[in-house]
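We name chains A, B, ... by the order of the sequence lines, and we start the count at 1 in each one. Atoms considered below: every heavy atom in the structure, side chains included; atoms not considered: hydrogens, waters and symmetry mates.
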There are 2 protein chains.
Amino acid sequence: MTQPTSPSAPATAQDGPLPRQRRSYSIGELAKMFEVTTRTIRFYEQEGLLAPERRGQTRVYDEKDRVRLKLTLRGKRLGFSLAEIREVVMMYDAMPDGNRRQLRRLLEILADKRANLERQQEDIRLMQLEIDDVERRARDVLASLADQPD
Amino acid sequence: MTQPTSPSAPATAQDGPLPRQRRSYSIGELAKMFEVTTRTIRFYEQEGLLAPERRGQTRVYDEKDRVRLKLTLRGKRLGFSLAEIREVVMMYDAMPDGNRRQLRRLLEILADKRANLERQQEDIRLMQLEIDDVERRARDVLASLADQPD
DNA sequence: GCCGAGGTTTACGTTAACGTAAAGTGCTTG
DNA sequence: CAAGCACTTTACGTTAACGTAAACCTCGGC
């Protein structure tokens, strides 16, 4: 997308050392690959997180779409909403021709996310300590139960 | 909670170096303290995450409740569902008189959570790298825009 | 020619996690 | 004693993120 992506580009043999893995995927392939349903993928498109090409009526996903989906799902695992994820993803794409105001806005958002992530790291550390503690107690109780029934 | 917590303990002056901060909180205090609404706190109770005492009709929260709420909110920030959180919190409380099967189940759950947290750590690292990258590009573009209009 | 596998749109259903509003209770303060 | 404030219950509303179902194309293979 950084290149105009002329759709009529014939992709001759001298396009480069390796034409950037110009593979394409069907919706079903992606679904299996990431263990989500096709409904989910279509939903993400509807929410503006994906924008695959169409061959006729059928969606055709390329490498870039696959990466986007991957990032989206990663964001989800971290508890981000689709809106939050879109915020970054879309701005990232709008970057090359973005004006200064947009770019500054993007930087703000990024700083925000970064702070969020750091907080999550701390939360994870704390929760790990909690879990360690609970586990230790559980093992203690279990050991003291060396012969009770059940 | 590890102690039987005799409710009729008169809390005389010689209860120890500091009687475990036997403070109590109203729902409103907790709400402000954690920046959530009272609705949220009541909802968590309804979902089995909290179980405050009652003075008449009014809820009275103690230190233990406060900690529970804190843990719950921490879990939420990490994207866990209330059901997942309850899973751990409840089993933790059921521990002292739990039988072996329950304890083993708890250990399973804990291992699960732990794996989950580790995955999240990895996700965070990856996303931080992404953000670094996006930010770098954004700054580059911004720099190259040293004089264009808005 | 038909059929099954995979794709499509449209649309209504569902769940979690609260928000919001209404109507009542209890205290303490001017 | 009225007003206000904090608390209570009950109940309906809302949003995000899909699930599920129906009805339709379309294409390669037998």
Q: Go along nucleotides 2-17 of chain C 5' to 3' and tag each nucleotide: B for a protein heavy atom under 4.0 Å from its base, S when only backbone or sugar atoms are that close, - otherwise.
A: -----SBB-B-----B
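Distance, B/Glu45 CD to D/dT10 P: 12 Å, rounded to whole Å. Note: CD1 (B/Ile41) to P (D/dA6) measures 15 Å, nearest angstrom.
In this structure, the side chain to side chain contact (heavy atoms under 4.5 Å, CB included) partners of A/Ala83, at least two apart in sequence or on a different chain, are A/Ser81, A/Arg86. With sequence neighbours excluded, the residues forming a side chain to side chain contact (heavy atoms under 4.5 Å, CB included) with A/Glu135 are A/Arg139, B/Leu107, B/Leu110, B/Arg114, listed by chain and number. In this view, B/Lys32 satisfies the side chain to side chain contact (heavy atoms under 4.5 Å, CB included) rule with no residue, not counting sequence neighbours. For B/Thr58, the side chain to side chain contact (heavy atoms under 4.5 Å, CB included) criterion is met by no residue, not counting sequence neighbours.
An OP1 or OP2 oxygen of C/dG19 is reached within less than 4.0 angstrom by a side-chain nitrogen or oxygen of B/Thr37.
B/Val67 belongs to a hydrophobic cluster whose remaining members, ordered by chain and number, are B/Leu71; membership requires side-chain heavy atoms of ILVMFWY residues under 4.5 Å apart, directly or through intermediates.
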